[in-house]
Engineer: 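Here you go, one structure.
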Protein chains: 2
Amino acid sequence: MVTMSDVAREAGVSMMTVSNVLTGRKRVGEPTRDRVLAAVESLGYEVNLTARHLRAGRTDTVALIVPSFHDYFGEVADRIAPLIEAGGRHLVLERTSADARSEMESLSVPRLQMYDGVFLSVAGLGRDEIDRVPTSAPIVLLGEREMPGRFDHVRLANGEGARLATAHMLERGSRRVLALGGAVGSSAGMESDRRAGWAEAHRAAGLVPDDRLVVPLPDFTSEAAHQALGQVLDDGPAFDGIFAVNDTVAFGALAALAERGVRVPDEVQLAGFDNLDVSRFVPPGITSVDPGYDVVAATAVRLLEQRMAGSDAPREHVTTPVSLVERGSTRADVGPG
Amino acid sequence: MVTMSDVAREAGVSMMTVSNVLTGRKRVGEPTRDRVLAAVESLGYEVNLTARHLRAGRTDTVALIVPSFHDYFGEVADRIAPLIEAGGRHLVLERTSADARSEMESLSVPRLQMYDGVFLSVAGLGRDEIDRVPTSAPIVLLGEREMPGRFDHVRLANGEGARLATAHMLERGSRRVLALGGAVGSSAGMESDRRAGWAEAHRAAGLVPDDRLVVPLPDFTSEAAHQALGQVLDDGPAFDGIFAVNDTVAFGALAALAERGVRVPDEVQLAGFDNLDVSRFVPPGITSVDPGYDVVAATAVRLLEQRMAGSDAPREHVTTPVSLVERGSTRADVGPG
DNA sequence: CTGTTAGCGCTTTCAA
DNA sequence: TTGAAAGCGCTAACAG
């Protein structure tokens, strides 16, 4: 490995001069500069960033640590990346494994403090476990559940989104709207917030939410939704609308409906959550709750940069607004129900 | 910041002993060990990985650097991650910006050598530019084009996949199959390989590939495909099949067809490439070329680990096999054409 | 404008 | 089993 002192020797200058040429932090005379660059070129020298980072005490790198970068977090990452770059830092993504054990593992403190800041979304961890994550690096939590007060936290208006989607279908004539992927117990996760919104929409419409319409899922994949909805269609309660906990789940539902020849939106209306790009294109177009990705990203970046700048302002817990995007999977007018 | 020497002082031992306790590399007496751990706990000490890395000359981290982690590369990343973890290293993802300038930027040597190894997929760079990427770190190229011989390279059998998909539709009665996203010029990218396969299938069926059926796209998004196919439907040549250069493009096509009431597969058959998870579920199910993600991942990891182990075996250029997954968007039997 | 010194936090020798 | 010294490659601070 070629080091800076090799270059210095080759150019007949001190290491400091090489460093100055490379970083541009100090004025260096033209001829000296040229000799240094020539030496760099001829030796094929490359700065060692690890060494620079150790010296500087910063890595100029921010991590987005999420359970999966498909779907929602992929979209979020796409918006966060340019904002972080604009601040002169790099964004890297890390995937936490699904299970809580290795999730805690990947949150091992040493790794966290390798970064100037971290966006963290924890799927499997309970609130207490999160609370035990040391605060060595600036951390902004992303995620749809209660979080310890000692972290900044950005979350969506989940209940409101679910309410919007469900109310929309009720307005358009549905009377029995399934909550596909709704939590049955009283966990504090995203699914229970979304389920609460579903229930609230029913009550606002003068209907009593029927617990049998809440269909839990082992995970929020298309496959799980496909299977579960197949079961409901075969021998579950009757329904005429589906609020899917996210768009991926909605695709699984769509497949199950199509297989049985159930027409969308005529017989069953369908709405999802996340407004994935593909949801616009999948016929008949999936009505979906839009998370306002730009706002989520901008808020998260603002909080993290504030923290990285050393602010000790009180932690913020921000809930960002959502909106409903109506498409062909729900009806345009009030139907017969 | 608490350092190891703080812990050593607190525990009344030398730094070396602290290090040994923490890494477990050497035997340490029980009582000493306990005192060290107590000090670590009470001071809230965290190893500084940057320092460790500098000392070790390794970062135990591998990067997957891709233009986008949606779709194809997201799937690849999901398969690569566990394999890398199994080797005791971490996988991080970085996104290259779309444009070649900042792509070259993110490939700046210093960043590359921060990693023990790199999987690199370059979208915007030409072969010559890639050839100029310094070989400081072990690099395995991923991507569907000719690459310099000095790198290991994993690519798909693009031509074969396109041929399979097109031949399948021709067998099932299509006579005029659009190549949606096919390259028009003679660039050496993925799209021209796939277009070549499309043409070959025609010839094998005794048909003459019609260049007017090759529809170029500004980018391989659903939106671009939606627009372009809309144009073709409105005033382009007649067709009865579509080979979409990837599944994302296929979704855009599906939307354009649905808007105009064109029935799939009865009037137009449709096949894509990548076999995304969602393609299984989008009615009527998108026939797609499966890239064999597990094989791609295993091959790439094998090559990189070999390189990271210091091998100077000749560079390998591996083309991994693909297969066709038939679904409802193409016909089950020979139709009337 | 250029060079010298010191040290970021850790671990690999080597010695006790 | 424990410790002291040396140095990974770089740059801030200060001299010259």
Side-chain angles (χ1 to χ4, degrees), chain A residues 1-40 43-61 108-116 136-137, chain B residues 1-40 43-61 108-116 136-137:
Chain A
M1 162 175 277
V2 184
T3 75
M4 196 176 268
S5 82
D6 295 329
V7 176
R9 192 173 331 105
E10 172 84 6
V13 297
S14 76
M15 273 176 65
M16 218 33 238
T17 300
V18 178
S19 175
N20 287 330
V21 168
L22 262 32
T23 61
R25 283 172 187 283
K26 276 191 172 174
R27 285 229 148 302
V28 175
E30 192 70 18
T32 320
R33 183 191 162 75
D34 289 346
R35 261 185 304 144
V36 168
L37 290 177
V40 165
L43 296 179
Y45 169 72
E46 315 163 359
V47 217
N48 181 323
L49 285 186
T50 306
R52 182 179 281 178
H53 291 162
L54 175 59
R55 186 63 245 237
R58 307 181 296 107
T59 59
D60 290 330
T61 304
S108 74
V109 191
R111 273 204 86 68
L112 288 186
Q113 46 92 300
M114 278 197 38
Y115 300 109
D116 290 354
S136 52
Chain B
M1 160 174 279
V2 185
T3 75
M4 196 176 266
S5 82
D6 295 330
V7 175
R9 193 174 331 105
E10 173 84 7
V13 297
S14 76
M15 273 176 66
M16 221 29 243
T17 301
V18 178
S19 176
N20 287 330
V21 168
L22 262 32
T23 61
R25 283 173 187 284
K26 276 191 175 174
R27 286 232 147 301
V28 175
E30 191 71 18
T32 320
R33 181 192 164 74
D34 289 348
R35 262 186 304 144
V36 169
L37 290 176
V40 165
L43 296 179
Y45 168 72
E46 316 164 358
V47 216
N48 181 324
L49 285 186
T50 305
R52 180 178 283 178
H53 292 162
L54 175 58
R55 188 62 246 237
R58 307 180 296 108
T59 58
D60 290 330
T61 303
S108 74
V109 191
R111 273 205 83 69
L112 288 186
Q113 47 91 300
M114 278 196 39
Y115 300 109
D116 289 354
S136 52

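Note that these values count all heavy atoms, side chains included, but never hydrogens, waters or copies made by symmetry. Residue numbers begin at 1 in each chain, while the letters A, B, ... track the order of the sequences.
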Engineer: Given the rule in the side chain to side chain contact (heavy atoms under 4.5 Å, CB included) test, do B/Thr32 and B/Val13 qualify, once you have shown the distances and angles that lead to the verdict?
Structural biologist: CA-CA 8 Å; B/Thr32 320; B/Val13 297; 3.6 Å; yes
Engineer: Under a 4.0 Å heavy-atom cut-off, which of residues 1-8 of chain B touch DNA chain C?
Structural biologist: B/Met1, B/Thr3, B/Met4
Engineer: Which atom names give the shortest non-hydrogen contact between A/Thr3 and A/Tyr45, and what distance separates them?
Structural biologist: C-CE1, 3.5 Å
Engineer: Earliest and latest nucleotide of DNA chain C, 5' to 3', sitting under 4.0 Å from a non-hydrogen atom of chain A?
Structural biologist: C/dC1 to C/dG9
Engineer: Among pairs that include at least one residue of residues 11-31 of chain B, which meet side-chain hydrogen bond (donor to acceptor under 3.5 Å, both in side chains), considering only residues two or more places apart or in two chains?
Structural biologist: B/Ser14-B/Thr17
Engineer: Indicate the atoms forming the closest heavy-atom contact of A/Gln113 with A/Ala137, along with that distance.
Structural biologist: CA-CB, 4.3 Å
Engineer: With sequence neighbours excluded, give me every salt bridge (Lys or Arg N to Asp or Glu O under 4.0 Å) pair touching residues 4-21 of chain B.
Structural biologist: B/Asp6-B/Arg9
Engineer: Taking only heavy atoms on the protein side, list every residue of residues 47-59 of chain B lying under 4.0 Å from any atom of DNA chain C, sorted numerically.
Structural biologist: B/Val47, B/Asn48, B/Ala51, B/Arg52, B/Arg55
Engineer: Under a criterion of less than 4.0 angstrom to any heavy atom of chain A, what are the 5'-terminal and 3'-terminal contacting nucleotides of DNA chain D?
Structural biologist: D/dG9 to D/dC14
Engineer: Can you tell me how far apart OG1 (B/Thr59) and OH (B/Tyr115) are? Round to the nearest 0.5 Å.
Structural biologist: 8.0 Å
Engineer: Write down the atom of A/Leu54, the atom of B/Ala51, and the distance for their closest heavy-atom approach.
Structural biologist: CD1-CB, 3.8 Å
Engineer: Can you list the steps and then say if B/Val40 with B/Val21 is a side chain to side chain contact (heavy atoms under 4.5 Å, CB included)?
Structural biologist: CA-CA 10 Å; B/Val40 165; B/Val21 168; over 6 Å; no
Engineer: If you pin B/Arg33 and A/Tyr45 to their nearest nucleotides in DNA chain D, which one's is more 5'?
Structural biologist: B/Arg33
Engineer: Considering only residues two or more places apart or on different chains, which pairs with a residue in residues 46-55 of chain A satisfy side-chain hydrogen bond (donor to acceptor under 3.5 Å, both in side chains)?
Structural biologist: A/Glu46-B/Ser136
Engineer: Would you mind reading off the bend of the helix from C/dC1-D/dG16 to C/dA16-D/dT1 from its two end axes, five pairs each, to 10 degrees?
Structural biologist: 40°
Engineer: For residues A/Ala11 and A/Val36, report the shortest heavy-atom separation together with the two atoms involved.
Structural biologist: CB-CA, 4.0 Å
Engineer: Can you list everything that forms a salt bridge (Lys or Arg N to Asp or Glu O under 4.0 Å) with B/Asp60? Sequence neighbours excluded, please.
Structural biologist: B/Arg58
